[in-house]
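Values in this document were obtained by computation on a predicted structure and should not be read as measured data.
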Amino acid sequence: MKKYLKISLLVIFLLTTMSGTAMANHSDIISINVNKDIIETDAASYIDHGTTIVPLNVIQKIPGISVKWNNSNKTVTIIQDNKIIKLVAGQNSATIGSNKVKLPVASLIKNGRVMVPLRFIAEATDAYIGWNPYTRNVHIVKATQEMIEKTKSSDLAEARNATLQLPTVRLLKPITKAGGTDTQYYYFPEGKADQVFRSIGNGVEYLEAINGRLEQKWVGRIGEKGTIKGPFFLSSIEEEVGKQPIIDFDRITFFKLILPIGEADYGFINKDGKATTIGHQDMPGLYDFFNISEEK
């Protein structure tokens, strides 16, 4: 029961990330995700001249680096392997090794908190950073090589599992309210793990694995009154944001996960939109995919 409740809460979260009703942020609050974690701060982040300024503890959450603050000379030192990055509070420049770099906004001390420019540090430490202006959410992703290698596993089920567990980056405008169900669909181009459509209720999104992150490229709301032609395996689309991907595969592999019982129907959909269910199997978790012997 507890596991089902946990999965159900995750499904609600996934649904609301597609829906503008729950996720649109009309305040000045900026939320920050580092990989899959939402970072809590004791000082508010803000935007100055187009640059997001954050408390130092946000930087400390980026994997693979160490961060030190020297109060006597007001210097932030960031170490990544053999790379040393230094910022001095109040100065509009920083150093990366022996190279001096101009900053868009200086780091500073505000109300007793050290505040630093997020994008500069993220990029200097080889992390991906993305900004969603609609939800005022910053995504920072720094995947390990181990995470990336798992998504390329020769075992298709393992690769799909690993791909869906990558940090998800959503930079598109959310669609209007979508309704939910206890059933979740996954649609993969046959034999692929790095491209997936995920559908919950009447919301659907298309995701691609890119350099250790799962990036939302398209999101739509399915409905009988839809006038937008969707991919051949989906009903008509009433609303969409982003660019629909071109599907040039002969078949789509689908998993229909029935959440209350932790089981899934699975099968294929051909280019004519005909779905063929070929089996039913345990699928206790959201990403517990299994191999299908009939899949090419």
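- A distance below 6.0 Å separates the ring centres of Y266 and F290.
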*asked:* Applying salt bridge (charged side-chain N to carboxylate O under 4.0 Å, His left out) to D37 and K61, what does each step give before you reach the verdict?
replied: CA-CA 9 Å; D37 296 325; K61 301 296 183 181; over 6 Å; no
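- Listed for the N137 side chain is no donor-acceptor partner under 3.5 Å among the backbone atoms of W131.
- Judged by a 6.0 Å distance limit and a 45° cone about the ring axis, R198 is not positioned over the six-membered ring of Y186.
- With ring centers used as reference points, F254 lies 6.0 Å or more from Y185.
- In this structure, K243 does not pair ionically with E208, as no charged nitrogen and carboxylate oxygen lie closer than 4.0 Å.
- Partners of E158 by salt bridge (charged side-chain N to carboxylate O under 4.0 Å, His left out), not counting sequence neighbours: none found.
- Side chain of T163 to main chain of N161: no donor-acceptor pair is present (N/O by atom type, distance under 3.5 Å, no hydrogens or angles).
- With respect to the salt-bridge test (charged N to carboxylate O, under 4.0 angstrom), the residues E238 and R221 qualify.
- For an aromatic pair to be called close, the ring centres must be under 6.0 Å apart, and F188 with F289 satisfies this.
- Between D126 and K142 no salt bridge is recorded (no basic side-chain N to carboxylate O distance below 4.0 Å).
- A donor-acceptor pair is defined here as one N or O able to donate and one able to accept, closer than 3.5 Å; such a pair exists between the side chain of S199 and the backbone of G203.
- Taking a cutoff of 4.0 Å between a charged side-chain nitrogen and a carboxylate oxygen, K217 and E205 do not qualify as a salt bridge.
- Here I30 contributes atom CD1 and T52 contributes atom OG1; the two are 5.0 Å apart, rounded to the nearest 0.5 Å.
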